[in-house]
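No hydrogens, no waters, no symmetry mates; every other heavy atom, side chains included, goes into these values. Chain letters run A, B, ... following the sequence lines, proteins first, then strands; residues in each count from 1.
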Protein chains: 2
Amino acid sequence: MTGEDVGRRRKGRPRGFEPTAALDAAMRLFWAEGFEAASIDQLSRATRMPRASLYQEYGGKAGLFLASVAHYAETRIAPVAAALGPSGALGNDLSAFFQAVIALATGDAATPGCLISCVLADSAGTNAVFRAELDQRFAALEARITARLVAEPWPAAAPDRAALAAMLAAVARGIMLRARSGAAPKALAPVADAAVASVLCLRAA
Amino acid sequence: MTGEDVGRRRKGRPRGFEPTAALDAAMRLFWAEGFEAASIDQLSRATRMPRASLYQEYGGKAGLFLASVAHYAETRIAPVAAALGPSGALGNDLSAFFQAVIALATGDAATPGCLISCVLADSAGTNAVFRAELDQRFAALEARITARLVAEPWPAAAPDRAALAAMLAAVARGIMLRARSGAAPKALAPVADAAVASVLCLRAA
DNA sequence: ATATTTTCAGAACGATTGTTCTTTAACTTG
DNA sequence: CAAGTTAAAGAACAATCGTTCTGAAAATAT
């Protein structure tokens, strides 16, 4: 009942590409170019996957894109969300979170902004599957922020925790968008600081 | 020195399309589909412009897209920015602004979100012209919000006015993105309310 | 060894892409 | 009316799109 003999080699010809590296390369290409602009030819070249294998593994361009988004969420977004803690004071945790957001969105000049907020959002306009995926990814981050906020004491007059979390998520996405336009980390840090300050003000009120 | 005889008919065969209506149709198609996914065929059909006229007037797809973005800024974003006033208390003006943002992003189910934040942002990944356009449009809104904020008294400890404006712009864009994922106006209103409340808290501190 | 299985490399597919060109239609001007 | 001018309609363009298919290559199993 082990399912697969992971240590044992498969029977046929071994694949000439490394699956995780291939997915990361596809992710970066989609991130840079957008879903429509990234062609199968480019993807096949960047991932070093033969086209046949690409269709075998992911069923097509849309499947590879969704897999890239999942890979992005696991390897890029999860660490950012992890910065929320709780591992210290609320202000510190939120600052660390936004710092990670800015680093993600500006870290590589070839991939400015966010794959989800800047690329998936575009294709979500008419594609129902992509729209559902976008909705789920957005909701997941908001839930994570909410979880951090409810671990905190709030005055009775403060806005709903979920609303505050959604606002913070909106700021994070606005920062990602601003990075897509070429904004530097130093220009984005004050935006994050203002958001943190305003939330701390509400908690102290 | 009048430039053009506006009342007088042009010399050759009259155009069979209405330029402003055509631009609005192109804008809506780009808004719904994205830049890459909207084809010249679709655009020509939606605008009722013959392809030859489309190339004559706008030089190509990119030119039509940039013209659509300008038309969008004038007809859709300008009224939203106008809601900022100043025409009343800060909280009222900001609420009116966000209400207009939500209405714009959710008003037509065929065009969820924002042409600039959800569509132009995608193509800005690799196209330098589009990226510069995005940067300029973002900066313009932030300047407009800053202008509203500086007309207000603030405590000395409050964040920089420009930073606050950029944060509010980020929230607005985050709301647009959330609308792209299918969020209803009722789900977005609390996000706006939280942003307004947090800024008012800072001013009262 | 042969058989079997899996992948690779690339040709091939029809469809569609953005763009240009050609011909015809519909006007104003002289 | 004829001449001149502008736009419409759509054919034509090479290029590229996403996808499928074919035959050879490289491994294990018997």
Report summary line: Atom CD1 of A/Ile40 and atom C1' of C/dA11 are separated, to the nearest Å, by 17 Å
Query - Among C/dG18, D/dA7, D/dG18, the one nearest B/Lys61 by side-chain distance - result: C/dG18
**Report entry** Euclidean distance, atom CZ of residue B/Arg45 to atom P of D/dG10 [Å, nearest integer]
**Finding:** 13 Å
Query raised in the report: Between B/Ser39 and C/dT16, does any side-chain N or O lie under 4.0 Å from OP1 or OP2?
Result: no
Query raised in the report: Is A/Ala37 touching bases, backbone alone, or none of the nucleic acid, heavy atoms closer than 4.0 Å?
Result: nothing
Query raised in the report: How many Å lie between CD on A/Glu57 and C1' on C/dT7, as a whole number?
Result: 10 Å
Query - Proximal nucleotide (of C/dT17, D/dT28, D/dG18) relative to the A/Lys11 side chain - result: D/dT28
**Report entry** Nearest-Å distance for atom pair OH/P, residues B/Tyr55 and D/dA12
**Finding:** 18 Å
Requested in this report: Provide, to the nearest angstrom, the distance between the CG atom belonging to A/Leu54 and the C1' atom belonging to D/dT20.
Outcome: 13 Å
Query raised in the report: When the distance from CZ of B/Phe17 to P of C/dA25 is rounded to whole Å, what number comes out?
Result: 20 Å
Query raised in the report: What about A/Arg13: does its side chain form a donor-acceptor pair under 3.5 Å with the base of C/dT5?
Result: no
Query - salt_bridge(B/Arg131, B/Asp135) N-O dist < 4.0 Å - result: no
**Report entry** Six-ring centre of B/Phe138, B/Arg173 cation under 6.0 angstrom, axis tolerance 45°
**Finding:** yes
Requested in this report: May I have the distance from B/Asp41 (atom CG) to C/dA15 (atom C1'), rounded to whole angstrom?
Outcome: 12 Å
**Report entry** Upstream residue (5' side of DNA chain C) when A/Gly12 and B/Arg51 are each assigned their closest nucleotide
**Finding:** A/Gly12
Query raised in the report: Do the ring planes of A/Phe130 and A/Phe35 sit parallel (below 30°), tilted (30 to 60°) or perpendicular (above 60°)?
Result: perpendicular
Requested in this report: Compute the centroid of each ring, for B/Tyr72 and then for B/Phe30, and state whether the two points are separated by less than 6.0 Å.
Outcome: no
Query raised in the report: Is any side-chain heavy atom of A/Ser68 closer than 4.5 Å to a side-chain heavy atom of A/Leu64?
Result: yes
Query raised in the report: Which sits closer to the 5' end of DNA chain C, A/Arg15 or B/Gly60, going by the nucleotide each is nearest to?
Result: A/Arg15
Report summary line: When rounded to whole Å, the CD to P distance for the pair A/Gln56 and C/dA9 reads 15 Å
